[in-house]
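Here is the structure we will look at, set down as structure tokens.
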Amino acid sequence: MMKLSHFLMPTLKEVPSEADTRAHSLMLRAGLIRRLTAGVHSFLPLGWRVMKNIERIIREEQNRFDCQEINMPVLNPRELWEESNRWTDFGDVLFRLKDRRGRDLCLGPTHEEVITDLARSFITSYRELPQTWYQIQTKFRDEARPRAGVIRGRQFTMMDAYSFDYSQEGLDKSYENQRIIYERIYNRCGLEYSLVGASSGLMGGTGSQEFMQLTPDGEDTVITCEKCGYAANSEVAQSRLNQVSEVVENPHEPEDVHTPDKKTIAAVSEFLGVRPMDLMKSVLVMADDKPVLALIRGDLEVNETKLMTAIGAEYRAMEPHEIVEMAGADAGFIGPIGWKTKPWIIVDESIVEGASYISGANKNDYHIKNIVPGRDFSMKTVKDIRVVKDGEGCPNCDSKIKISRAVELGHIFKLGTKYSKAMGAKYTDSEGADNPLIMGCYGIGLERIMSGAVDTHADDFGIIWPATIAPFDFIIISLMQTESSIMETAKNIYEKLKGLGKDVLWDNREYNPGVKFKDADLIGIPIHLVIGKNFLKDGLVEIKIRKTGERRKIKPKVAIEELMKIHHELINELNDSADQVK
RNA sequence: CGGGGUGUAGCUCAGUUCGGUUAGAGUGCUAGUCUCGGGUACUAGAGGUCGGAGGUUCGAAUCCUCUCACCCCGACCA
């Protein structure tokens, strides 16, 4: 019997100092989790029940589409990860260890390698395809900086699914199925999200989308257009500029300008009396020991992910002394003209061919004016490498875009053949020829669903769990523990609800009413049943719906029926929203 | 990895500048009395390697050296 008097529920009145977001604070105060070390948490009974409910919903939705649950090892051998080159590519994020014989192992941060190994072992023919396999597993990533409690942990729970197809159309279909599954899962869990275009990053592949929960506490940035529905992660988002550089008829020849000690765009534009957008900003970086000069209009910023995509490799900022050696000037006076050995110049789309700009002269205290792109330097590589700013135009409909913070709830990828090619996972087609499997991979962070639900569904008093994932369906609050009539009624209702298969918590603690009400609100059980003063006086018990605050006083005899009815309504509302997914 | 900060009771934090009784408060916990529909009141009590090691000193939470952990900003981040 779930009596609160013998139940681990360490609620807190004060906010623990480790809390850095509202959701994190509530999860700590409601006694859901406990931190063990940086980015690693225990789940206490209440929190674990929520996790189990989320798992259950994920399983139900994956199984609806005939996806098959498996379980892959956390402990992986180095050799497997060398096949995909990710033993190196993952860098410090990979948790590594050695066994007693000195062999290298890692703790799986994701499972493409293992699943591809399974696929190459067992899939032989196109006749067996498509298939999708998934697992719910603990992942390990040695994050440089764990954050926001359970949002960015070094150990976390992920549902990861992998699809195998023999055609692009098949992959499209498998991907689309997962999109529907994901939306159904989030809807059932009561989460709001937007589906945005995303960068594939280290995963590789041909396309990916992220499910983003918009919240000020998020660590990602997304760009959305309310008018046409455009939505993208800032890493890939595009926009239309509010102002475009004008082409100049009969431009002058380049000419040095003395700009003593004017090292910033702001300083130069003020000194010369021109707009920042009349300047070109030069950013010098090193990619695989090759110098790259990124050129962008003076009033704009370079987006690091976009630049990485444009270069096609990771890069690092240059050290000050490297800049001087390369360019012959300090960082503030770099420009596209006057190189001894020319770097690869990547030009942002904001730079207009035939317009006239001012930029660094590659000698200290000098800039050059009348620089004309196309005439004075190569426009061979023109890419979008710009940070999108609030208030710029939507790339589709040109209405003003909005920038929001967000948490990534899930990510779906069309992987293509990156892993199947690298690891030799092939099938035989109808012609008898071998081809690499076409793969997709799909991930959901369970803790993020939990935290996201808390973030969205809470008020000044505490959490308001969506009924589908709440740790308990009902809490019975019996006041005056010495009144046997109250205790008997509570026990009676408790047992009947249990008999109907419901999860019920009974607060039988000998505390003042206020303490028990506060706790019930804080931990967010959807439906409260209070048995106290009104029962002694009028024989009535009181139902409180946490979400609305509504209270109903009714006879104990009809309480069960009423409680079940309210509960069904709360559950159905969420499940119905899943059926709206198209 | 760079910069900054914090470690004192289960939790939130004083005390450290300028070394000096038995290291404090609130909350939580225990016992008792009271109270019983929104964190009740009173009384009594338990609870501490002051993150760790070494050093200076008659004497160290306090000063010095080293070290560990955690947090924040940045870098990084399927």
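The chains referred to below are lettered A, B, ... by the order of the sequence lines, with proteins before strands, and numbering in each begins at 1.
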For [X], side chain to side chain donor-acceptor pair (under 3.5 Å) partners two or more places apart:
| X | value |
| --- | --- |
| A:Tyr442 | A:Ser163 |
| A:Glu408 | A:His411 |
| A:Glu562 | A:Arg552 |

Same-atom distance ([atom1]) from [N] to [M], integer angstrom:
| N | M | atom1 | answer |
| --- | --- | --- | --- |
| B:rU22 | B:rG59 | C1' | 15 Å |
| B:rC73 | B:rU67 | P | 26 Å |
| B:rC63 | B:rU8 | P | 16 Å |
| B:rG19 | B:rC34 | C1' | 47 Å |
| B:rA41 | B:rA23 | P | 30 Å |
| B:rG24 | B:rG45 | P | 14 Å |
| B:rG51 | B:rA61 | C1' | 12 Å |
| B:rU35 | B:rC42 | C1' | 11 Å |

Report which part of the nucleic acid [X] touches: base, sugar-phosphate, or nothing (heavy-atom distance under 4.0 Å, all strands).
| X | answer |
| --- | --- |
| A:Asp92 | nothing |
| A:Pro109 | base |
| A:Phe156 | base |

Only pairs with both distances under 3.5 Å count, Watson-Crick or wobble alike; so what is the partner of [N] in this structure?
| N | answer |
| --- | --- |
| B:rC63 | B:rG55 |
| B:rA25 | B:rU12 |
| B:rA69 | B:rU6 |
| B:rA44 | B:rU30 |

Taking atom OG of A:Ser485 and atom CG of A:Leu536, what is their separation to the nearest 0.5 Å?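 Here the rounded value is 5.0 Å.
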Among A:Trp506, A:Tyr494, A:Phe7, which one satisfies ring pair (Phe, Tyr, Trp, His ring centres under 6.0 Å) with A:Phe472?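 When ring pair (Phe, Tyr, Trp, His ring centres under 6.0 Å) is applied between A:Phe472 and each of A:Trp506, A:Tyr494, A:Phe7, only A:Phe7 qualifies.
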Between A:Asp142 and A:Arg96, is there a salt bridge with N-O shorter than 4.0 Å?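 A salt bridge is absent here (no side-chain N lies under 4.0 Å from a carboxylate O).
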Between [X] and [Y], a side-chain donor and acceptor under 3.5 Å:
| X | Y | answer |
| --- | --- | --- |
| A:His457 | A:Lys547 | no |
| A:Gln68 | A:Gln131 | yes |
| A:Glu176 | A:Ser174 | no |
| A:Arg120 | A:Tyr419 | no |

Residues in side-chain contact (heavy atoms from CB on, under 4.5 Å) contact with A:Pro16, at least two apart in sequence or another chain: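 A:Pro16 satisfies side-chain contact (heavy atoms from CB on, under 4.5 Å) with A:Leu12, A:Glu18, A:Leu28, A:Arg29 once adjacent residues are dropped.
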Using heavy atoms and a sub-4.0 Å distance, could you list which residues of residues 534-548 of chain A are near RNA chain B? By number, please.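 Under 4.0 Å from RNA chain B: A:Asn534, A:Glu542, A:Lys544.
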With side chain to side chain contact (heavy atoms under 4.5 Å, CB included) as the test, pick out the partner of A:Tyr182 among A:Leu409, A:Asn177, A:Ile444, A:Leu195.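 Testing A:Tyr182 for a side chain to side chain contact (heavy atoms under 4.5 Å, CB included) against A:Leu409, A:Asn177, A:Ile444, A:Leu195 leaves exactly one candidate, A:Ile444.
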Nearest to the side chain of [X], which nucleotide is it out of [options]?
| X | options | result |
| --- | --- | --- |
| A:Val515 | B:rC77, B:rG37, B:rG39 | B:rG39 |
| A:Phe517 | B:rC11, B:rC77, B:rG37 | B:rG37 |
| A:Asp519 | B:rC11, B:rG37, B:rG39 | B:rG39 |

May I have the distance from [X] (atom [atom1]) to [N] (atom [atom2]), rounded to whole angstrom?
| X | N | atom1 | atom2 | value |
| --- | --- | --- | --- | --- |
| A:Lys533 | B:rG38 | NZ | C1' | 11 Å |
| A:Leu12 | B:rC13 | CG | P | 12 Å |
| A:Asp89 | B:rC76 | CG | P | 17 Å |
| A:Asp460 | B:rG38 | CG | C1' | 15 Å |
| A:Lys518 | B:rG37 | NZ | C1' | 12 Å |
| A:Leu529 | B:rG37 | CG | C1' | 14 Å |
| A:Met487 | B:rC36 | CE | C1' | 13 Å |

Any protein N or O atoms within reach of nucleotides 69-74 of chain B? Criterion: under 3.5 Å, listing atom names and distances.
residue : atom : partner  : partner atom : Å
B:rC70  : OP1  : A:Thr37  : OG1          : 2.5
B:rC70  : OP1  : A:Ala38  : N            : 3.3
B:rC72  : OP1  : A:Asp20  : OD2          : 2.1
B:rC73  : OP2  : A:Arg145 : NH1          : 2.6
B:rC73  : OP2  : A:Arg145 : NH2          : 2.6

When you compare the protein's N or O atoms with those of nucleotides 27-35 of chain B, which come within less than 3.5 Å of each other, and at what distance?
residue : atom : partner  : partner atom : Å
B:rU27  : O3'  : A:Lys13  : NZ           : 3.3
B:rG28  : OP1  : A:Lys13  : NZ           : 3.3
B:rC29  : OP1  : A:Tyr511 : OH           : 2.9
B:rU35  : O2   : A:Asn512 : OD1          : 2.8

Show every side-chain hydrogen bond (donor to acceptor under 3.5 Å, both in side chains) that has at least one partner inside residues 3-12 of chain A, sequence neighbours left out.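 Matches after skipping sequence neighbours: A:Ser5-A:Asn508, A:Thr11-A:Asp519.
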Pairwise ring-ring contact (aromatic ring centres under 6.0 Å, His included) hits with a residue in residues 16-46 of chain A, at least two apart: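 Matches after skipping sequence neighbours: A:Phe43-A:Trp48.
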Could you give all pairs that pass the ring-ring contact (aromatic ring centres under 6.0 Å, His included) test and reach residues 512-549 of chain A, with sequence neighbours left out?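 ring-ring contact (aromatic ring centres under 6.0 Å, His included) check on residues 512-549 of chain A returns no pairs.
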Go through the structure and list residues passing ring pair (Phe, Tyr, Trp, His ring centres under 6.0 Å) with A:Phe95, not counting sequence neighbours.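 Expected list: none.
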Tell me which of A:Glu143 and A:Val530 sits closer to the 5' end of RNA chain B, going by the nucleotide each one is nearest to.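 Between the two, 5'-proximity favours A:Val530.
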Given that A:Val93 and A:Pro16 both sit by RNA chain B, which one's nearest nucleotide is further toward the 5' end?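 Per heavy-atom nearest nucleotide, the more 5' residue is A:Pro16.
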Protein N or O to nucleotides 42-48 of chain B N or O, pairs below 3.5 Å:
none

